[in-house]
**Q** 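Structure provided below as C-alpha cells; questions to follow.
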Number of protein chains: 2
Amino acid sequence: MIDPRLELLRAVDEHGTVTGAAEAMSRSPSGVSRQLRELARELGVALFDHVGRRVQLTEAGRTLVQHAHQLAEQAERALAAVRTTTDEISGQVVVAGHITALGSLIAPSIGRLHSRHSALRVIAEERQPREAIPGLLSAAIDLAVMPVTAEAPAVTDPRCAVLDIGVEPIDLLVSQTHRLVGADEIALIEAAAEEWILGSREHDSRTETLSACHRAGFNPRPAHYAQDWSAVAALVAANLGVALVPRSVPTQWYPGTSRVFLGGHAPPMRRIIACTRAGAEDTPALGVVVDELRDLARAWTSNQDPEMDIDMP
Amino acid sequence: MIDPRLELLRAVDEHGTVTGAAEAMSRSPSGVSRQLRELARELGVALFDHVGRRVQLTEAGRTLVQHAHQLAEQAERALAAVRTTTDEISGQVVVAGHITALGSLIAPSIGRLHSRHSALRVIAEERQPREAIPGLLSAAIDLAVMPVTAEAPAVTDPRCAVLDIGVEPIDLLVSQTHRLVGADEIALIEAAAEEWILGSREHDSRTETLSACHRAGFNPRPAHYAQDWSAVAALVAANLGVALVPRSVPTQWYPGTSRVFLGGHAPPMRRIIACTRAGAEDTPALGVVVDELRDLARAWTSNQDPEMDIDMP
DNA sequence: ATCGATCATGCACCCATTGTGCACGGTTCC
DNA sequence: GGAACCGTGCACAATGGGTGCATGATCGAT
C-alpha cells in the first residue's frame with residue numbers, strides 16, 4: 001500500500017549495512033542499493049552517508065523513516081476501515097504464538113471462529129516471540145500471541161499495537177504422591193521448603209519461577225534443571241522436586257503429576273498479550289479473533305478470585 | 001509513494017466509468033480494470049458495483065478513497081519534512097499559471113529565485129485554472145497560480161491546499177484621448193456613462209467586469225465584445241469604449257490606451273491564489289517560490305491604500 | 001605490513017509484473 | 001432493432017526490478 005522502498009530504508013537504518021538489510025528483506029544487496037539510490041534521486045536528498053565500509057542514515061533519512069512509520073500505520077487504518085464497511089467477517093488472519101498459546105488458545109479458537117464466521121480463515125503458526133515481531137511487520141502474520149516475560153520485553157516498537165488477552169495463572173506441579181496433592185489453593189510460600197525443578201540457564205521459565213518465588217518471600221532450592229515441559233513433568237513425576245507451570249501447559253499428558261492451584265495474596269501469573277501492526281487494531285476480523293482468545297483466556301481465571309492483583313514486569 | 005491503484009480508484013469514483021478513469025490517467029480501460037480487480041481481491045471486498053453499463057463505488061470503495069486522500073496528504077508531508085532537513089533550497093518546482101500570471105508573476109520570479117538559490121530549478125508552465133488542478137494532483141505541476149474567479153471556483157478539493165498570493169487591482173483602460181486620462185484614482189461609478197468593452201459571453205473577464213460595475217452601482221452599457229486582451233486594447237484605442245483590465249495585463253504594448261487607477265470605497269480587484277497538493281505547503285522550495293510571488297504581487301498595491309476591503313466571491 | 005573477510009556499488013542479464021490491443025457480452029439510447 | 005458505449009478477459013509485448021558477479025574500498029587479525 002505504501003512505497004516498499006521505505007521499508008528497505010528502515011531495514012538499512014536498523015542494520016547499519018545494506019547487506020544486512022538485504023538479508024533481512026530476502027533481497028540481494030545490489031537490488032537494495034539500487035532501490036535506495038533511486039529513492040534518494042527522486043527525493044533530491046542524500047539518505048545515508050558512508051562511514052567506513054558501513055552506512056549511516058542522514059537526518060533526511062531518519063526523518064523519512066519516522067514518517068514512514070506513520071504512513072504505514074495510516075495505511076493499516078485505511079485497510080481496517082475498508083473491512084469494517086462489509087458487515088460479514090471475512091478474510092484471512094494469520095495468528096502466531098508460542099507453543100503453549102498455540103495449543104491452549106489459538107487452536108481451540110479456530111474451530112469456534114470458523115463455525116461462527118464461515119468466510120473467515122484463521123491460520124495458526126507456531127513462532128517464538130522473538131521471531132513474531134519481524135513476521136508481524138513484514139505482514140507474514142497478523143497477530144502474535146505471547147506472554148509478557150523477560151524474553152519478550154515490552155513491545156515498544158511504534159509500529160506495533162498491543163492488545164491485552166488476559167492473565168494466565170501459574171500452578172504448582174507436584175508428584176502424585178506429594179503431600180500437597182488435593183490441597184486447595186495453597187500459598188506459594190508453603191512450597192518454600194521443597195526442592196525445585198528450574199528452567200535452563202537464562203531461559204524464560206527459570207526467571208519466571210525465580211521472580212515468583214522471590215515475590216512470595218523465599219529463594220527456591222534448585223534440584224534439577226530442564227527446559228522442555230515434558231522433561232520438567234518427568235522430573236516432577238519422579239519425585240525429584242516441584243515446579244511452577246503455567247495453566248495452559250498440558251501436564252495431564254504426563255502421568256504421575258498433579259497440579260496444585262496457588263492462592264494467597266498475589267498468586268503467580270503471567271499476562272498474555274497479542275500484538276498487531278499499529279493501525280490494524282480495529283480490523284473486524286482481528287477483533288473477533290481477539291475476542292475469542294480473550295474468551296478462552298477467561299476460562300483460566302473464571303473459577304478464581306477476579307480481584308487478585310496482577311503483576312506486570 | 002503510495003499505491004497508485006488508489007489514484008485509479010479515485011478517478012473511477014470521479015468519472016463513474018472505468019473507461020473515463022483510464023482516459024484521465026492515460027491508461028487503457030483493460031489495464032485499469034485489471035488493477036482494480038487485483039486491489040479488490042487483495043482487500044477481500046468489492047470496491048464497486050455495476051449499475052447498468054456504468055460503475056459505482058461501494059461503501060468500501062468510498063471509504064478507501066477517503067482514506068487515500070489522507071494517505072496522499074501525509075505522504076506529501078513526509079516529502080516536505082525530508083526536504084526541510086537539507087538547509088539548501090534545491091530541487092525542481094513546476095509553477096503553472098494563466099497567461100497574465102505567467103508574465104507578471106512567475107516569469108519575473110524565476111530569475112530572482114535562480115540567482116538566490118542556484119540549486120533550485122523553477123519551471124514555468126502555462127495552464128488554465130481548469131487544467132491546473134488535475135495537473136497538480138497528478139504531480140505534473142507543483143504550484144498553480146490563478147485568480148479567484150467564477151471560472152476557477154473555490155478550490156475545495158481536500159487534496160489541495162490554497163495559499164494566498166495577494167490582491168491585484170483592476171484598472172480602467174481608456175483611449176489616450178479620453179477625458180479621464182491623467183485623472184488620479186477616480187471611482188468606478190464615474191465611468192458609468194461610458195460605453196463598455198466586455199469579454200465574450202460566459203467568459204471570465206466579462207463576469208468580473210459586470211460584478212465590479214454592479215458593486216459600484218451601475219449596469220455597464222455594452223458596446224463591443226472581445227476576449228483577448230489585445231483585442232480589448234485595440235477597441236479601446238479606437239475610442240469605441242472603456243474596459244476593466246487587471247493590473248498585470250501588459251497594455252503598454254498596445255499604443256493608444258491609457259490606464260486610470262480606480263479608488264473610492266471598494267475599488268475592483270481580484271485575489272490571486274496559489275494551490276499546492278495538501279501536505280506540500282511546507283516544502284522549503286515551494287516556500288521560497290510562494291514568498292517571491294507574494295513579494296512581486298505586493299508591488300501592485302504598495303502605492304495604494306492597504307486598508308481597502310477585498311471582495312472574495 | 002599483508003592477507004582475508006566484509007561491504008557498497010555498477011553492470012549485464014533475466015524474469016515477472018503490468019500495460020496494451022482486440023474480441024466478446026451487456027446495456028443504453030435513438 | 002441497430003448503433004454506440006462500457007466492462008472484462010485473453011494473448012502478447014515492454015518496462016521495471018531482482019540476481020549474480022566483478023570491482024574497489026575498508027577493517028581486522030596474523
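The structure displayed is predicted, hence computed values, not measured ones. In what follows, chains carry the letters A, B, and so on, assigned in the order in which the sequence lines appear, proteins first and then strands, with residues in each chain numbered from 1.
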**Q** Output the rounded distance in Å from CD (E38(B)) to C1' (dC10(D)).
**A**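 Atom CD in E38(B) sits about 16 Å away from atom C1' in dC10(D).
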**Q** Is any side-chain N of the basic residue among R5(B) and E38(B) closer than 4.0 Å to the acidic one's carboxylate O?
**A**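 Salt bridge absent between R5(B) and E38(B).
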**Q** Looking only at side-chain N and O atoms, does S33(B) come under 4.0 Å of OP1 or OP2 in dG9(D)?
**A**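 For S33(B), the contact criterion (side-chain N or O under 4.0 Å from OP1 or OP2 of dG9(D)) is not met.
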**Q** Taking the minimum atom-to-atom distance to the side chain of R53(A), which one of dT6(C), dT18(C), dT9(C) wins?
**A**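 Selected nucleotide (nearest to the side chain): dT6(C).
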**Q** In this structure, how many angstroms lie between the P atom of dT8(D) and the CG atom of L39(B), rounded?
**A**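 That distance rounds to 13 Å.
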**Q** Quick one: does any side-chain atom of R62(B) pair with a main-chain N or O of L57(B) as donor and acceptor, under 3.5 Å?
**A**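 Yes, the answer is positive, given that a donor and an acceptor are paired below the 3.5 Å cut-off.
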**Q** Tell me whether the side-chain N/O atoms of S30(B) come closer than 4.0 Å to OP1 or OP2 in dC22(C).
**A**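 Negative; the distance criterion is not met.
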**Q** Counting only side-chain N and O atoms of H50(A), is one of them less than 4.0 Å from OP1 or OP2 of dT26(D)?
**A**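 No, outside the criterion.
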**Q** Hey, does the side chain of Q35(B) come within less than 4.0 Å of dG19(C)'s phosphate (OP1/OP2), counting only N and O?
**A**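 For Q35(B), the contact criterion (side-chain N or O under 4.0 Å from OP1 or OP2 of dG19(C)) is met.
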**Q** Rounded to whole angstrom units, what separation is found between the CZ atom of F48(A) and the P atom of dC7(C)?
**A**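 Atom-to-atom, F48(A) to dC7(C), this comes out as 15 Å.
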**Q** Rounding to an integer number of Å, can you tell me how far L8(B) CG sits from dT8(D) C1'?
**A**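 To the nearest whole Å, that distance equals 15 Å.
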**Q** Between the side chains of R112(A) and E292(A), is the shortest nitrogen-to-carboxylate-oxygen separation below 4.0 Å, so that they form an ion pair?
**A**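 A salt bridge links E292(A) with R112(A).
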**Q** Do R10(B) and E7(B) meet the salt-bridge criterion of a basic N to acidic O distance under 4.0 Å?
**A**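 Salt bridge between E7(B) and R10(B), a charged N being under 4.0 Å from a carboxylate O: yes.
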**Q** Assuming nearest nucleotide by heavy-atom distance, tell me which of S28(A) and T17(B) is located more 5' along DNA chain D.
**A**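 This one resolves to T17(B).
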**Q** Measure the distance from CZ on R5(B) to P on dT17(C) and round it to the nearest whole Å.
**A**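 Spelled out: CZ on R5(B) to P on dT17(C) is 12 Å.
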**Q** Atom CZ of R34(B) to atom P of dA11(D): distance rounded to whole Å?
**A**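 The distance from CZ of R34(B) to P of dA11(D) comes to 13 Å, rounded to the nearest Å.
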**Q** Rounded to whole Å, please give me the gap between NE2 in H15(B) and P in dC6(D).
**A**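 These atoms are roughly 11 Å apart.
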**Q** Answer yes when R83(A) and D282(A) have at least one side-chain N-carboxylate O distance shorter than 4.0 Å, and no when they do not.
**A**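 Result for this pair is no, no salt bridge flagged.
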**Q** Output yes when at least one side-chain N/O atom of R37(A) is less than 4.0 Å from OP1 or OP2 of dG10(C), else no.
**A**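 Answer is yes, contact under 4.0 Å.
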**Q** Closer to the 5' end of DNA chain C via nearest nucleotide, is it V18(A) or V51(B)?
**A**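 In this pair, the answer is V18(A).
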**Q** Taking OP1 and OP2 of dG18(D), is either one under 4.0 Å from a side-chain nitrogen or oxygen of R27(A)?
**A**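 Yes, such a contact exists.
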**Q** Provide, to the nearest angstrom, the distance between the CD atom belonging to E23(A) and the P atom belonging to dC7(C).
**A**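 Rounded to whole Å, this separation is 9 Å.
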